[in-house]
2 protein chains.
Amino acid sequence: MSTYIQDGAEIYRQSFATIRAETPGLEALDPVLERTVVRMIHACGMTDLVGDIAASPGFGAAGEAALQAGAAVLCDTNMVASGVTRRRLPADNPVLCTLTDPRVADHAAAIGNTRTAAAVELWADHLAGALVVIGNAPTALFHLLDLLEAERLPRPAAIVGAPVGFIGAAESKEDLALRAPALGVEHVIVRGRRGGSAIAAAAVNALASAVE
Amino acid sequence: MSTYIQDGAEIYRQSFATIRAETPGLEALDPVLERTVVRMIHACGMTDLVGDIAASPGFGAAGEAALQAGAAVLCDTNMVASGVTRRRLPADNPVLCTLTDPRVADHAAAIGNTRTAAAVELWADHLAGALVVIGNAPTALFHLLDLLEAERLPRPAAIVGAPVGFIGAAESKEDLALRAPALGVEHVIVRGRRGGSAIAAAAVNALASAVE
C-alpha cells in the first residue's frame with residue numbers, strides 16, 4: 001500500500017505553499033498577476049517559469065474585470081477550453097473554441113493558413129472585450145494580431161499568449177508583446193518555447209477566482 | 001503584417017526535425033519509444049525532457065499493440081482525454097475519463113481519497129489490456145497501483161505516468177517504476193515534477209500512429 005496525502009484540499013494548500021516558498025520575485029507582482037503566475041507554475045511543475053512570464057501592467061486587472069463582466073473565453077484549441085474550470089468562472093462565461101467548426105477547413109484552404117488561424121476569424125461575434133487564450137498555435141496568434149491591426153476584428157480585453165513549441169512559438173509571443181500596446185490590448189506571455197494548454201488554461205482559472 | 005510559416009504540415013516537419021537535431025540520445029531508443037519521446041518533447045517545448053523519461057523495455061511495443069487491438073484509453077482527467085487525437089487511433093478506441101461520473105464525489109468521501117483516485121475504481125470494465133494515461137493526479141496513480149497490487153482491478157497493458165506538480169507527483173511516478181514489473185504492466189514515466197495533460201496525451205498520440 002502506498003502512503004500519500006489523500007486530501008485534495010491539503011494537496012492544493014501544500015502545492016501553492018511550495019511554489020510560493022521556492023519562486024523568487026512573486027512578491028513584486030500585483031495580487032492578480034501573482035496568483036496567475038503561481039497557477040501557471042502549478043500547471044507545469046516548474047518554478048523557473050516565472051522568469052519567462054511577462055505581462056503588461058494592466059493585465060491582471062483587465063483580465064479579472066473582463067471575466068467578472070461576463071466576457072467570453074476564446075481558446076485556440078479544445079484542450080485549452082477543456083482546462084478551464086467552469087465552476088470558477090464568475091459570470092457563467094461562455095468558453096468557446098471554433099476549431100472544429102465545419103467551415104474551418106475550407107476557410108483555411110482559402111486563406112492559405114492553418115486551421116487554427118482560420119478558426120480565429122470565427123471569433124468576431126464574441127471578441128469585443130473577451131479574454132483570448134492561445135495555448136498551442138503560433139499561427140492563430142500571428143493571424144489574430146494581423147486581423148486586429150487591420151481592424152477586421154473587434155478588440156479583446158486581454159490575450160494570454162502561451163503557444164508552445166519549436167517553430168514560431170517564441171516569435172509569436174514576442175510579436176504579441178511588441179504589438180499589443182498599440183492595439184490597446186492587455187497581455188501576458190510565456191517567453192521562449194515553453195507554454196501549452198495547461199499553462200494557458202491555468203492563467204484563466206487564476207483570473208476567474210482568487211480561491212486556491 | 002506578420003511573416004511566418006502558414007503551412008501546418010511544414011510546421012510539423014520542421015518542429016520534429018528541430019527536436020531530433022537538438023535532443024541527444026534518441027537514436028538509442030526503439031522506434032516506437034523514440035517517436036513517443038519526440039512527441040512528448042513537442043508537447044512541452046523542452047528537449048531536456050528526454051533526460052527525465054524512463055520506460056520499461058517493452059513499453060513501446062505493448063502500448064502500440066494494445067491500441068491496435070482496440071484497447072481503451074483510460075485518462076485521469078478530461079483534459080488528457082481532450083488531448084488524444086481521435087483520428088490517429090487505429091481501432092476507433094474508446095477514450096474514457098470517469099472523473100465527472102455522478103458516483104465519484106460520494107465514493108471519494110467514502111474511501112477518504114481524492115475524486116481522481118475514486119474515479120479509477122470505475123475503470124474496472126475497461127481496464128484489462130487498456131492503456132492508462134495519468135497526466136495530472138498523483139493520487140489516481142498511487143490508488144491504481146494499490147488496487148492492482150490487491151488484485152481488485154484487472155491489469156492494463158501499459159501505464160503512461162505523467163502527473164505534474166509539487167506534492168506527490170515525483171513520488172507517484174517513482175512508485176510506478178518500482179512496482180510495475182511485479183504487476184506485469186509496461187510503463188513510461190516523466191521523472192520529477194514535470195508532466196501534465198499535454199505530455200501525457202502526446203504519448204498516446206505517438207503510440208497510436210507513426211504518422212508525424
Side-chain angles (χ1 to χ4, degrees), chain A residues 1-8 10-12 14-19 22 41-47 77-79 81-83 108 111-117 135-136 138-139 141-143 145-146 149-150 164-172 175 179 192-199 201, chain B residues 1-8 10-12 14-19 22 41-47 77-79 81-83 108 111-117 135-136 138-139 141-143 145-146 149-150 164-172 175 179 192-199 201:
Chain A
M1 284 285 289
S2 314
T3 304
Y4 59 98
I5 308 176
Q6 304 185 335
D7 175 350
E10 179 61 14
I11 294 168
Y12 269 96
Q14 290 194 21
S15 295
F16 287 111
T18 302
I19 293 167
E22 294 188 15
I41 290 171
H42 181 253
C44 68
M46 299 178 286
T47 57
T77 63
N78 282 304
M79 199 174 180
S82 173
I111 65 173
N113 208 323
T114 64
R115 290 192 308 120
T116 39
N136 288 82
T139 54
L141 184 49
F142 279 128
H143 193 51
L145 292 169
D146 285 345
E149 203 163 81
V164 60
F166 297 84
I167 302 298
E171 294 83 352
S172 72
D175 205 36
R179 295 162 78 181
R193 291 172 167 178
R194 291 191 292 186
S197 307
I199 291 172
Chain B
M1 287 285 290
S2 314
T3 304
Y4 58 98
I5 308 177
Q6 304 185 335
D7 174 350
E10 179 62 14
I11 294 168
Y12 268 95
Q14 290 193 20
S15 294
F16 287 111
T18 303
I19 293 167
E22 294 188 14
I41 290 171
H42 180 253
C44 67
M46 299 178 286
T47 56
T77 63
N78 283 304
M79 198 173 179
S82 173
I111 65 173
N113 208 323
T114 65
R115 291 193 308 120
T116 38
N136 289 81
T139 55
L141 184 48
F142 279 128
H143 193 50
L145 292 169
D146 285 344
E149 203 163 81
V164 60
F166 297 84
I167 302 299
E171 294 82 351
S172 72
D175 205 35
R179 296 161 79 181
R193 291 171 166 179
R194 291 191 291 187
S197 306
I199 291 172

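Computed over heavy atoms, backbone and side chain alike; hydrogens, waters and symmetry mates excluded. Labels below follow one simple rule: chain letters A, B, ... track the order of the sequence lines, proteins then strands, and each chain is numbered from 1.
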Query raised in the report: Tell me, side chain or backbone of B/A43 under 4.5 Å from chain A's heavy atoms, or both, or neither?
Result: backbone

Query raised in the report: Side chain, backbone, both or neither: which part of B/E10 has a heavy atom under 4.5 Å from chain A?
Result: neither

Report summary line: Rounded to the nearest 0.5 angstrom, the OG1-CZ distance for B/T47 and A/R193 is 6.5 Å

Query raised in the report: Between A/V164 and A/G196, what is the shortest heavy-atom contact and its length?
Result: CB-N, 3.6 Å

**Report entry** Minimum-distance pair of heavy atoms, taken over all atoms of A/I19 and A/I41
**Finding:** CG2-CG2, 3.8 Å

Query raised in the report: Between the side chains of B/D7 and B/Y12, does any donor sit under 3.5 Å from an acceptor?
Result: no

Query raised in the report: Any idea which heavy atoms bring B/H42 and B/S15 closest together, and the distance?
Result: CD2-CB, 3.8 Å

Query raised in the report: By a 4.5 Å heavy-atom criterion (distance strictly below it), what part of B/N78 contacts chain A: side chain, backbone, both, or neither?
Result: both

Query - Residues B/S2 and A/R179: side-chain donor-acceptor under 3.5 angstrom - result: yes

**Report entry** Side chain, backbone, both or neither of B/E149 within contact of chain A (heavy atoms, under 4.5 Å)
**Finding:** side chain

Query raised in the report: Under a 4.5 Å heavy-atom cutoff, which of B/N136, B/T114, B/D146 has the most pairs with chain A?
Result: B/D146

Report task. To the nearest 0.5 angstrom, please state how far the CE atom of A/M46 sits from the CZ atom of B/F166. Result -> 9.0 Å

**Report entry** Residue among A/E171, A/Q14, A/M79, A/E22 with most heavy-atom pairs under 4.5 Å to chain B
**Finding:** A/M79

Query raised in the report: Given that the side chain runs from C-beta out, which part of A/N113 has a heavy atom under 4.5 Å from chain B: side chain, backbone, both or neither?
Result: both

Query - Region of B/I199 in contact with chain A, defined by heavy-atom distances below 4.5 Å - result: neither

**Report entry** Contacting region of B/T18 [heavy-atom separation from chain A under 4.5 Å]
**Finding:** side chain

**Report entry** For the student: nearest non-hydrogen atoms of B/I167 and A/I11, plus distance
**Finding:** CG1-O, 4.0 Å

Report summary line: Note: vs chain A, highest number of non-hydrogen pairs under 4.5 angstrom among B/G165, B/A108, B/G112 is B/G112

Report summary line: Of the listed A/S82, A/G135, A/A81, the one with the largest count of heavy-atom pairs under 4.5 Å with chain B is A/S82

